[in-house]
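The block underneath contains the structure these notes are about, expressed in structure tokens.
What's counted below: heavy atoms across the whole structure, side chains too, no hydrogens, waters or symmetry copies. What you see is a predicted model; the values in this text were computed from it and never measured.
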Amino acid sequence: MSVLVKNLMEDMVERKFRQIVPQLNCCTCDICKTDIMCYALNRLKPKYVATSQGELLSRIDSLSSTFEIAIMTELTAGAEIVRKNPRHNTSTE
Ligand SMILES: [Zn+2]
């Protein structure tokens with residue numbers, strides 16, 4: 001069985017982003033989405049684990065509640081910054 005070195009924080013941030021994106025009230029194109037996720041990931045501690053593909057989802061599930069508030073806080077802050085300074089032209093909106 002193959003074992004991966006995996007930063008679970010990335011998966012948790014992406015999952016939480018998808019959950020709260022309707023409340024973020026900002027552009028959700030790929031550029032803005034990755035900017036918001038990078039902002040959050042740079043401020044959250046990475047959470048590296050050695051895990052098999054099959055174990056991955058249950059490990060994310062069991063850790064998510066621990067980091068939920070911190071992840072939401074950083075995603076919300078990131079969305080605020082991207083909303084004020086999007087990296088692309090917003091005049092067509
Ligand atoms: Zn955008």
Side-chain angles (χ1 to χ4, degrees):
M1 189 197 286
S2 64
V3 178
L4 313 159
V5 175
K6 183 82 187 156
N7 179 6
L8 291 188
M9 192 56 83
E10 283 183 22
D11 293 66
M12 289 191 286
V13 165
E14 178 153 29
R15 181 194 271 202
K16 183 51 76 184
F17 181 85
R18 282 199 301 263
Q19 280 174 6
I20 67 170
V21 71
Q23 309 155 39
L24 288 179
N25 187 28
C26 77
C27 176
T28 54
C29 74
D30 280 351
I31 297 171
C32 295
K33 177 189 164 180
T34 49
D35 274 355
I36 294 166
M37 283 185 51
C38 285
Y39 177 95
L41 282 167
N42 279 332
R43 279 158 186 78
L44 294 158
K45 276 193 184 157
K47 186 68 193 170
Y48 282 100
V49 294
T51 186
S52 67
Q53 191 71 48
E55 264 184 349
L56 197 55
L57 281 180
S58 64
R59 298 198 67 165
I60 292 170
D61 276 341
S62 62
L63 270 174
S64 282
S65 56
T66 309
F67 294 104
E68 185 168 20
I69 302 293
I71 292 170
M72 273 180 68
T73 302
E74 298 301 349
L75 282 174
T76 305
E80 182 93 356
I81 285 164
V82 168
R83 186 163 66 236
K84 285 177 185 156
N85 295 295
R87 277 207 286 151
H88 56 72
N89 196 336
T90 54
S91 63
T92 51
E93 282 178 4

Next item on the list: Would you kindly confirm whether Leu57 and Val3 end up in one hydrophobic cluster when ILVMFWY residues are joined by side chain heavy atoms under 4.5 Å apart?
Entry: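 Result: no, two separate clusters.
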Note to self: In this structure, would Ile20 and Phe17 fall into the same cluster of hydrophobic residues linked by side-chain contacts under 4.5 Å?
What the structure shows: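 Ile20 and Phe17: one cluster.
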Item checked: Partner residues of Glu68 under the salt bridge (charged side-chain N to carboxylate O under 4.0 Å, His left out) criterion, sequence neighbours left out ->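 Testing Glu68 for salt bridge (charged side-chain N to carboxylate O under 4.0 Å, His left out), a comparison that skips the adjacent residues, returns Lys16.
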Notebook entry, point to check: Would you call Asp61 and Arg15 a salt bridge, taking side-chain N to carboxylate O under 4.0 Å as the test?
Noted result: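 The answer is yes: the pair qualifies as a salt bridge.
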Margin query: Check for me whether Arg43 meets the cation-pi criterion with Tyr39, that is, NZ or CZ under 6.0 Å from the six-membered ring centre and within 45 degrees of the ring axis.
Written below: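 Yes.
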Can you tell me how far apart [atom1] ([X]) and [atom2] ([Y]) are? Round to the nearest 0.5 Å.
{"X": "Met12", "Y": "Ser65", "atom1": "CE", "atom2": "OG", "answer": "9.5 Å"}
{"X": "Leu56", "Y": "Asp11", "atom1": "CG", "atom2": "CG", "answer": "5.5 Å"}
{"X": "Arg18", "Y": "Leu75", "atom1": "CZ", "atom2": "CG", "answer": "12.0 Å"}
{"X": "Ile36", "Y": "Leu41", "atom1": "CD1", "atom2": "CG", "answer": "12.0 Å"}

Check: For Lys47, does its backbone N or O pair with a side-chain atom of Asn7 as donor and acceptor, under 3.5 Å?
Finding: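 Pair found, side chain donor or acceptor close to backbone of Lys47.
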Next item on the list: Check whether any side-chain N or O of Arg59 sits under 3.5 Å from a backbone N or O of Ala50 as a donor-acceptor pair, and report yes or no.
Entry: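 Such a contact is found between Arg59 side chain and Ala50 backbone.
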Note to self: Please evaluate residues Val5 and Tyr48 with respect to the criterion side-chain contact (heavy atoms from CB on, under 4.5 Å), reporting the C-alpha separation (whole Å), side-chain torsions for both, the decisive distance (0.1 Å), and the verdict.
What the structure shows: CA-CA 7 Å; Val5 175; Tyr48 282 100; 4.0 Å; yes
Pair up each side-chain donor or acceptor in residues 21-34 with any protein partner under 3.5 Å, not counting sequence neighbours, and list the distances.
from  : atom 1 : to    : atom 2 : distance (Å)
Lys33 : NZ     : Glu14 : OE2    : 3.2
Thr34 : OG1    : Asp30 : O      : 2.8
Thr34 : OG1    : Ile31 : O      : 3.0

Item checked: Test log, rule side-chain contact (heavy atoms from CB on, under 4.5 Å), inputs Met9 and Ile71 -> CA-CA 9 Å; Met9 192 56 83; Ile71 292 170; 3.9 Å; yes
